[in-house]
Amino acid sequence: MREVWVITACLALVDATSIQYNDEDVAPETEKEFYRVQGDLYSLCRIKLLRLAYLIGYGTEIERSPVNSASLSMLPWPKPAVWPSVPDDATSEVVVKEKMILQETPRVKHFGIQRKPLPLEPTILVREANQRRSSLSVGNSSEIFYGRVEFNDGLAADVPAKMPQADKAHEFMMSRTYSSPGNFDCSIGRPMRLAEIFVAAEHALKKTISNPDLQKILSSVENFEQKYMELTKGAADNYHHSWWKRYGVVLDGEIAAVCFKRGNFDLAAKSYEKVCALYAGEGWEDLLAEVLPSLAECQKSLNDEAGYLLSCVRLLSLDKGLFLSKERQAFQSEVVSLAHNEMTNHVPLDVSSLITFSGNPGPPMALCDGDTGTLSVTVWSGFPDDITLDSLTLTLMATYNADEGGKLRNSNATVLKPGRNTITFPLPPQKPGSYVLGVLTGHIGQLTFRSHSFSKGGPADSDDFMSYEKPTRPILKVFKPRPLADLSASISSALLINETQWIGIIAQPINYSLKGAVLHIDTGPGLMIEESHSIEMESNKKAGQGSVGTANSGDATKDSSVAAKDCSPAADKHFEQLCLVSGKIEFPDWASDVSSILWIPIRAIDDKLARGSSSGAPEKQSIVDRMRTIALKLEFGISKNQIYDTTIALHFSDPFHVSTRVANQCNDSTLLLQVTLHSQVNATLSVYDAWLDLHDGFTHAGQGNGRPISAFFPLVISPSSRAGLLFCLCLEKRTAEDENNVPPENILNIRYEIAGDRTIGAHPPVTMKSNENAEDTSKNLVFRSALVLQQPVLSPCLAVGFLPLPSDSIRVGQLVTMKWRVERLKDIEEKRVPQNNDKMLYEINANSDKWMIAGRKRGHVSLDMKQGSRIVISILCMPLVAGYIHPPHLGLPGIDEVSISCSPAGCHLVRVLPPAPSSSFCVPA
């Protein structure tokens with residue numbers, strides 16, 4: 001009576017509240033709470049209906065799910081004072097119930113899973129019903145709990161073989177006032193059988209239930225199942241709208257069970273997926289093990305290959321204790337069989353929960369840029385048996401960015417054993433950086449699997465299937481390009497320009513083999529290779545015995561102590577002549593593991609004539625003007641994948657730098673010219689002859705032929721030293737027309753010979769042989785240099801004088817007027833002067849870091865053609881730094897230097913004082 005009353009009351013309350021409820025006038029919290037109460041009412045009504053259905057024999061139609069088992073096993077049986085008895089005219093009904101019980105066959109789960117059914121009753125119904133009878137004999141009690149019981153109709157029912165001893169005879173219980181109507185016979189001679197209990201309960205309910213709808217519901221299995229689905233859906237829908245959404249998902253699983261039994265696998269699979277997602281997210285593996293096989297069976301019936309494979313993998317990923325070994329082997333057999341035989345298309349599958357991987361313990365593998373190797377990875381397999389992988393690919397991830405690194409492929413079939421496995425991958429060259437393991441992919445037949453789970457690691461000897469998380473320790477470190485070889489110039493001193501010279505290139509392997517190396521040579525502008533001469537290669541005797549190794553990528557380093565046993569020069573001496581083909585040279589085999597020198601004949605070309613300088617203003621030569629470059633590219637390695645590029649700068653120079661000085665001037669216009677020769681090469685120079693080619697304005701004194709008056713030839717000049725020559729010249733009178741023309745340059749010619757070593761610096765040209773006679777003038781070298789000879793003071797046309805400064809105390813930031821006086825020293829006839837020739841170009845030169853020019857730095861001024869004409873050029877400037885600095889200089893670009901006399905000469909340095917102190921920022925005490 002109580003069970004029936006609860007069902008009808010819950011249904012009536014649900015209907016009444018649904019009519020009165022208006023969701024537009026309530027707060028969201030109230031709305032969710034309303035739906036929760038509605039869901040509780042539906043759920044309570046559902047449980048009570050299941051209890052009544054079990055009492056009348058519908059227990060075989062109830063899904064023995066975890067939620068049903070939990071609800072019904074904790075719900076006590078109805079406890080009437082006397083359990084109802086079987087009516088006399090219900091014998092046929094008892095027979096039907098008996099046949100139904102005997103014909104009950106439990107549903108075989110997919111994969112042959114054998115699992116003990118979950119209980120739906122708090123205690124054994126037979127014991128509970130017979131204990132509630134008013135008269136129970138001890139003998140009949142033994143028939144209940146032990147052995148086999150014979151029925152009147154010849155049928156037999158098995159009873160548990162082992163049951164606890166019968167309780168003491170219950171004392172007669174006083175009749176209590178229950179709401180249950182009807183009078184039952186309390187004098188029972190034997191215990192009731194299970195079928196009789198079902199029939200007695202059904203007749204009692206018919207007398208108790210007054211609601212015709214409820215009677216109809218319990219009248220047949222179909223009506224009961226329809227009402228059960230209605231109540232379950234009502235509870236699930238209300239829970240989905242309330243706070244308790246997980247309750248709704250759990251009840252969706254009960255709906256899925258009914259859909260599965262009816263053959264509606266599509267709806268069943270959708271609901272089962274929600275339930276499995278909930279159980280997996282909460283970590284309820286025991287509950288997941290109950291539902292997941294049903295989902296897999298639905299997916300197989302729907303021919304959902306991807307979903308079915310994923311369910312099999314999830315079953316394998318569950319705790320080993322949830323399934324028997326043969327059941328887990330069945331899961332694996334389904335995966336392998338479907339992958340090799342039944343699949344129609346390639347299916348990607350995520351096996352991150354089943355296959356994990358990590359690097360081996362210890363420091364990460366260290367490689368250099370361009371090196372290859374073998375990477376060892378530990379893979380844990382959660383499969384119960386060995387499984388063969390057709391291919392395996394491992395992706396490396398760079399730690400400095402999100403880009404994928406290289407992919408390591410193992411194309412051979414790989415057998416994964418349960419637990420720990422060690423897999424090796426060939427490692428191609430990687431970019432410099434630090435790498436961690438990325439994604440593990442592979443193929444099993446037509447199945448493409450993917451795992452992005454990383455094992456935590458653990459003891460090296462552990463075979464357990466490890467849990468997974470992303471590692472922070474790198475598995476591989478590729479360092480920036482290490483020096484595997486080096487190319488450098490063998491000398492740093494200057495070589496002879498415009499002459500064929502040997503340049504030495506040192507090729508040194510650094511713990512790497514140069515076998516089969518190819519050197520590409522590209523000369524820069526102003527430099528050419530003399531291809532008429534062969535290139536020479538020899539071993540470098542100066543290289544240290546232990547500084548050069550012979551290790552290649554993946555090869556062992558040879559012991560350098562073997563080479564150090566014989567230290568004689570001839571033991572390690574190698575020499576070979578090579579040919580330049582298309583700008584390339586191939587190294588011989590003996591140069592693969594030793595330091596060697598390449599001697600290349602080259603010639604630096606410079607068409608400019610060397611210019612001497614006067615002792616008063618020595619010329620500063622720029623190193624860049626005589627610098628040449630040669631680009632080298634060395635290709636080496638097993639597959640020529642290693643490349644070393646470099647550019648070598650070579651310094652070329654003239655053998656001499658010439659400076660002149662007028663040693664003495666006689667009254668008869670005779671000059672003694674001292675010429676100083678400065679050696680600019682690291683070699684010994686021998687001068688055999690020297691002569692001057694003079695032009696207008698100068699002649700050789702006496703009967704001289706241009707040779708010096710000091711004839712101490714040969715004149716030997718050591719490296720970095722100097723020597724002098726003395727010439728006697730005479731001034732030649734020049735006409736006014738000659739003075740207006742720019743005189744040609746005077747040339748100093750020197751015939752010399754050089755004695756040097758190519759391993760040190762400048763040396764005899766390649767075309768010359770060292771054993772030739774030095775007296776053979778046709779083979780000596782000739783050096784030519786232009787000289788600037790300045791005439792005496794009265795010969796120049798113009799005189800430029802620097803006027804004194806207005807004040808001795810010049811300060812930083814103070815404007816100062818610099819003045820120069822320009823005076824014409826000679827008359828120039830007007831008929832010989834072109835029109836507007838009185839215009840003279842001037843230019844002010846000053847260091848911009850020390851002076852700021854406030855006026856025009858360049859312009860024209862007018863100067864009369866008559867002798868004695870004067871003009872003053874002034875400029876306003878400001879010093880920027882304090883100290884002794886060079887003042888600005890006035891230059892006349894349009895007039896040759898020999899026609900200008902600086903008188904009075906300008907000051908060499910100017911003292912500039914710091915700025916005057918300022919009191920603008922002073923604070924009174």
Side-chain angles (χ1 to χ4, degrees), residues 3 43-77 97 100-128 157-158 160 194-195 197-198 201 218 221-222 224-229 231-233 235-236 247 249-265 267-269 271-272 274-276 278-279 284-298 301 311 315 318 321-324 327:
E3 312 295 324
S43 181
L44 180 58
C45 184
R46 171 182 171 276
I47 296 302
K48 295 296 184 180
L49 181 63
L50 289 176
R51 169 60 73 225
L52 293 180
Y54 190 88
L55 285 175
I56 63 177
Y58 293 167
T60 57
E61 306 299 328
I62 300 175
E63 178 71 17
R64 291 180 177 267
S65 63
V67 61
N68 287 343
S69 176
S71 300
L72 294 177
S73 62
M74 292 187 296
L75 182 66
W77 296 111
K97 294 290 185 182
M100 182 184 66
I101 294 174
L102 292 175
Q103 293 174 358
E104 178 185 356
T105 55
R107 184 174 63 89
V108 179
K109 289 191 174 183
H110 193 46
F111 304 108
I113 296 176
Q114 299 177 358
R115 187 177 292 272
K116 183 179 179 181
L118 297 176
L120 296 178
E121 60 277 340
T123 57
I124 299 175
L125 181 58
V126 176
R127 179 194 303 175
E128 183 70 21
D158 290 328
L194 183 61
I197 294 173
F198 288 159
L218 297 176
V221 175
E222 292 77 10
F224 158 72
E225 190 174 276
Q226 182 179 357
K227 189 62 179 180
Y228 170 75
M229 283 286 289
L231 295 176
T232 306
K233 287 182 179 180
Y247 280 53
V249 175
V250 173
L251 292 178
D252 285 338
E254 302 307 308
I255 298 173
V258 177
C259 294
F260 178 80
K261 186 174 67 173
R262 293 177 177 177
N264 194 347
F265 299 115
L267 292 178
S271 298
Y272 275 138
K274 297 179 183 179
V275 179
C276 291
L278 172 64
Y279 291 166
W284 300 335
E285 291 196 353
D286 292 345
L287 298 178
L288 187 59
E290 294 286 341
V291 181
L292 196 54
S294 299
L295 173 60
E297 190 172 356
C298 291
S301 301
S311 296
L315 286 170
L318 295 178
L322 296 176
F323 298 101
L324 301 176
E327 294 172 352

(request) Decide, yes or no, whether a salt bridge links Lys261 with Glu225 under the criterion of side-chain N to carboxylate O below 4.0 Å. (result) yes

Quick check: do [X] and [Y] have side-chain heavy atoms less than 4.5 Å from each other?
{"X": "Lys274", "Y": "Leu278", "answer": "no"}
{"X": "Leu315", "Y": "Leu322", "answer": "no"}
{"X": "Val258", "Y": "Glu63", "answer": "no"}
{"X": "Leu218", "Y": "Leu49", "answer": "yes"}
{"X": "Leu75", "Y": "Pro122", "answer": "no"}
{"X": "Glu3", "Y": "Leu55", "answer": "no"}
{"X": "Leu50", "Y": "Tyr58", "answer": "no"}
{"X": "Leu72", "Y": "Glu121", "answer": "no"}

Nearest heavy-atom pair of [X] and [Y]: which atoms, and what distance?
{"X": "Ala257", "Y": "Tyr272", "value": "CA-OH, 3.4 Å"}
{"X": "Leu120", "Y": "Gly59", "value": "CD1-O, 4.2 Å"}
{"X": "Thr232", "Y": "Leu251", "value": "CG2-O, 3.6 Å"}
{"X": "Ala269", "Y": "Leu295", "value": "O-CD1, 3.6 Å"}
{"X": "Gly57", "Y": "Lys97", "value": "CA-NZ, 4.4 Å"}
{"X": "Leu318", "Y": "Phe323", "value": "CD1-CE1, 3.8 Å"}

(request) Apply the test side chain to side chain contact (heavy atoms under 4.5 Å, CB included) to residues Arg46 and Asn68: give CA-CA distance (whole Å), side-chain angles for both, the deciding distance (0.1 Å), then the verdict. (result) CA-CA 10 Å; Arg46 171 182 171 276; Asn68 287 343; 2.5 Å; yes

(request) Without swapping roles, check the side chain of Ser69 against the backbone of Pro119 for a donor-acceptor pair under 3.5 Å. (result) yes

(request) Indicate the ring-plane relationship of Phe198 and Tyr54, choosing parallel, tilted or perpendicular according to the 30° and 60° boundaries. (result) perpendicular

(request) Drop me the distance from Tyr279's OH to Glu290's CD, to the nearest 0.5 angstrom. (result) 9.5 Å

(message) If I take atom CZ from residue Phe224 and atom CD1 from residue Ile62, how far apart are they, to the nearest 0.5 angstrom?
(response) 4.5 Å

(message) If you count every heavy atom of other residues, nucleotides or ligands that lies below 6.0 Å from Phe265 atom CZ, does the total exceed 12?
(response) yes

